[in-house]
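Numbers restart at 1 for each chain; the letters A, B, ... are given by sequence-line order, proteins then strands.
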Amino acid sequence: MSQGILQDFNNFQFEEDLLNWYYENKRDLPWRRSHDPYKVWVSEIMLQQTKVDTVIPYFHRFMERFPTVYDLAKAEEQDVLKAWEGLGYYSRAKNLQAAVKEVVATYNGKVPDDAKELESLKGVGPYTKGAILSIAYNQPVPAVDGNVMRVFSRVLKIEDDIALAKSKKQMEKYLEELISKDDPSSYNQAIMDLGATICTPKSPACLVCPVAEHCRAFQDGVQEVLPIKSKAKKQKKLQYIALLVKNEKDEFLIEKRPNTGLLADLWQFPMIEVVSKEIDIESEFLKQYGLTVRNQQKKGDLKHVFSHLIWELEIHEVETEEKTVTAPRLRFVKKNDLKTYPFPVSHQNMMKFI
DNA sequence: AAGACGGGGTC
DNA sequence: GACCCAGTCTT
């Protein structure tokens, strides 16, 4: 047993109380119906920074569309992005498919049960590695996410800033010791359920918590103070003119975004960044897109908030006499065909102005 | 260590 | 508005 913070912590009783609670109260979630490593993997990627309720319908559709690693490996990337449309953090989808291709090519289609192999896969970090190893393969490996940081900041009364990388590393060290060696799969999932339903960020339900008697924060009445987390910086504001460019065939001009960075490889309506007060939209559009447009008409405003920036879009409709475009990332598309392309939510909202 | 990377829900 | 969410990658 280590000196320090784990000293005097009754882990034997904590584990028993936690697991007994979990066996009686675990949530019935779609990805818990099997221990198929591929399903565990997909669910864990989708659940990154994303609530369970949001993920459930996406998970069902994704599994129907790509039931096995082989189906996902051979899919068109655009189809994968379309299945991910609206879920956000789209590099997750691209990395997942790249990693699945690697699993098919290198591991004969079997999701690795080895830590080194797993963490070499794109999009698989310390958390996802631990989740797959524990949930799918029942190995006693920690999976430290926001829930775990919060629950154990309170249980062990840790007052370090959980936004710092070293705090998470330290927590992984503690959990290597604490994690159940009898049922690591249930242990990790129990902490997540506890964090999601009882040990919540605000107003934790300590009076019905199965491990309240082991919780140092509760004993000292500081459960509402922990965990300590430094503030996020506020978003940068960006202003754009977003254009519904319609030709005489009633088609709209769309463009594919660059293959890296924000919303990579998703489609959008053309946008012109508003740098100065007085910009001439028609000449600026000709300069950036090479098309002549006319009869500009303002349709409305749209605001879209990302985690790190804010888009303020001024929606305009214009007409063009062009019927074709040669640039590969530009395309004229009928209104009814727009739904076949993956769009960010901000530009799905633009379609309401059509 | 800090920033990039989505979107939705809550208070 | 601020905060949070079953994080990872890049700089």
Side-chain angles (χ1 to χ4, degrees), chain A residues 26-27 29-32 39-59 81 84-96 98-99 118-132 134-136 142-151 161-169 171-172 185 187-197 199-204 224 227-238 257-258 260-266 268 303-311 342-349:
Chain A
K26 61 183 163 192
R27 292 175 291 175
L29 301 172
W31 44 90
R32 286 182 177 170
K39 290 184 180 172
V40 172
W41 185 6
V42 171
S43 71
E44 291 302 337
I45 299 296
M46 286 187 168
L47 286 161
Q48 288 170 10
Q49 300 292 289
T50 312
K51 292 270 209 298
V52 164
D53 288 343
T54 303
V55 166
I56 288 174
Y58 282 89
F59 179 79
L81 287 173
W84 213 269
E85 181 184 56
L87 199 51
Y89 286 150
Y90 298 94
S91 66
R92 291 184 294 175
K94 299 172 64 154
N95 287 338
L96 174 60
L118 267 182
E119 69 191 357
S120 76
L121 297 171
K122 278 188 185 172
V124 178
Y127 166 77
T128 306
K129 173 189 67 178
I132 293 173
S134 62
I135 298 172
V144 175
D145 67 341
N147 284 311
V148 175
M149 292 301 291
R150 182 173 60 258
V151 169
D161 181 357
I162 65 166
L164 299 179
K166 63 177 179 184
S167 303
K168 195 178 157 215
K169 297 255 197 210
M171 191 67 81
E172 283 164 351
S185 170
Y187 187 92
N188 279 344
Q189 295 182 84
I191 298 298
M192 295 173 199
D193 276 19
L194 189 70
T197 63
C199 195
T200 49
K202 291 173 181 167
S203 308
E224 304 259 9
I228 308 291
K229 188 177 186 183
S230 53
K231 314 248 182 274
K233 294 178 62 177
K234 74 170 191 183
Q235 303 100 321
K236 280 192 170 58
K237 203 168 285 185
L238 294 174
R257 292 180 58 88
T260 58
L262 184 65
L263 304 168
D265 281 329
L266 270 66
Q268 67 177 21
K303 178 173 157 172
H304 194 80
V305 178
F306 298 85
S307 47
H308 61 305
L309 50 88
I310 296 174
W311 277 1
F343 280 85
V345 168
S346 51
H347 283 247
Q348 294 178 42
N349 290 333

Participant: Remember a base hit wins even if backbone is also touched, and classify A:Arg32 as base, sugar-phosphate or nothing at under 4.0 Å, heavy atoms.
Facilitator: base
Participant: Only counting residues at least two apart or in another chain, list the ones meeting salt bridge (charged side-chain N to carboxylate O under 4.0 Å, His left out) with A:Glu172.
Facilitator: none
Participant: So what does A:Val55 touch, heavy atoms closer than 4.0 Å: a base, only the sugar-phosphate, or nothing?
Facilitator: nothing
Participant: Measure from the side-chain N and O atoms of A:Gln235 to the backbone N and O of A:Phe306, and report whether any donor-acceptor pair falls under 3.5 Å.
Facilitator: yes
Participant: Counting any heavy atom closer than 4.0 Å, what does A:Leu29 reach on the DNA or RNA strands: base, sugar-phosphate only, or nothing?
Facilitator: base
Participant: Sequence neighbours left out, what passes side-chain hydrogen bond (donor to acceptor under 3.5 Å, both in side chains) with A:Asn95? Give chain and number order.
Facilitator: none
Participant: First and last nucleotide of DNA chain C touching chain A, 5' to 3', heavy-atom cut-off 4.0 Å?
Facilitator: C:dG1 to C:dC9
Participant: In whole Å, what separates the C1' atom of B:dG8 from that of C:dC9?
Facilitator: 23 Å
Participant: Given the P atoms of B:dC11 and C:dA6, what is the spacing between them in whole Å?
Facilitator: 15 Å
Participant: Which part of the nucleic acid, if any, lies within reach of A:Thr128 when heavy atoms closer than 4.0 Å are counted: base, sugar-phosphate only, or nothing?
Facilitator: sugar-phosphate
Participant: Taking for each residue the nucleotide of DNA chain B bearing the nearest heavy atom, is the 5' side occupied by A:Ala165 or by A:Ala264?
Facilitator: A:Ala165
Participant: So A:Thr54 and A:Leu87, do their side chains get closer than 4.5 Å, heavy atoms only?
Facilitator: yes
Participant: Check the distance between B:dA2's P and A:Lys236's NZ and give it to me in whole angstrom.
Facilitator: 15 Å
Participant: Between side-chain atoms of residues 40-48 of chain A and protein atoms elsewhere (two or more places apart, or another chain), which donor-acceptor pairs fall under 3.5 Å?
Facilitator:
| from | atom 1 | to | atom 2 | distance (Å) |
| --- | --- | --- | --- | --- |
| A:Ser43 | OG | A:Lys39 | O | 3.3 |
| A:Ser43 | OG | A:Val40 | O | 2.7 |
| A:Glu44 | OE1 | A:Tyr127 | OH | 2.6 |
| A:Gln48 | NE2 | A:Thr128 | OG1 | 3.0 |

Participant: Take the protein atom NZ of A:Lys231 and the nucleotide atom C1' of B:dA2, then report the distance between them rounded to whole Å.
Facilitator: 18 Å
Participant: Considering the options A:Arg32, A:Lys26, A:Arg27, which one meets the side chain to side chain donor-acceptor pair (under 3.5 Å) requirement together with A:Gln189?
Facilitator: A:Arg32
Participant: Could you check whether A:Lys303 gets within reach of a base, just the sugar-phosphate, or nothing at all, counting any heavy atom under 4.0 Å?
Facilitator: sugar-phosphate
Participant: Could you tell me which residues satisfy ring pair (Phe, Tyr, Trp, His ring centres under 6.0 Å) with A:Tyr58, sequence neighbours excluded, listed by chain and number?
Facilitator: none
Participant: Using heavy atoms to find the nearest nucleotide of DNA chain C for A:Leu121 and A:Trp31 separately, return the residue whose nucleotide is more 5′.
Facilitator: A:Trp31
Participant: Judged by atom type as modelled, is there a donor-acceptor pair below 3.5 Å linking the side chain of A:Arg150 to the main-chain atoms of A:Cys199?
Facilitator: yes
Participant: Grab the N/O contacts between the protein and nucleotides 7-11 of chain B below 3.5 Å, and write none if there aren't any.
Facilitator:
| from | atom 1 | to | atom 2 | distance (Å) |
| --- | --- | --- | --- | --- |
| B:dG7 | OP1 | A:Tyr90 | OH | 2.9 |
| B:dG7 | OP1 | A:Val345 | N | 3.1 |
| B:dG7 | OP2 | A:His304 | NE2 | 2.8 |
| B:dG7 | N2 | A:Gln49 | O | 3.4 |

Participant: On the 0 to 90° scale, with breaks at 30° and 60°, tag the A:His304-A:Trp311 ring pair as parallel, tilted or perpendicular.
Facilitator: tilted
Participant: When you compare C:dC5 with B:dC5, how far apart are their C1' atoms, in angstrom units rounded to a whole number?
Facilitator: 14 Å
Participant: Quick one: are A:Phe59 and A:Leu29 in side-chain contact, heavy atoms under 4.5 Å?
Facilitator: no
Participant: Rounded to the nearest Å, what distance is computed from the NZ atom of residue A:Lys234 to the P atom of nucleotide B:dA4?
Facilitator: 15 Å
Participant: Take A:Glu119 and A:Arg27, find for each the nucleotide of DNA chain C with the closest heavy atom, and name the residue whose nucleotide sits nearer the 5' end.
Facilitator: A:Arg27
Participant: Would you say a side-chain N or O of A:His308 is under 4.0 Å from OP1 or OP2 of B:dA4?
Facilitator: no
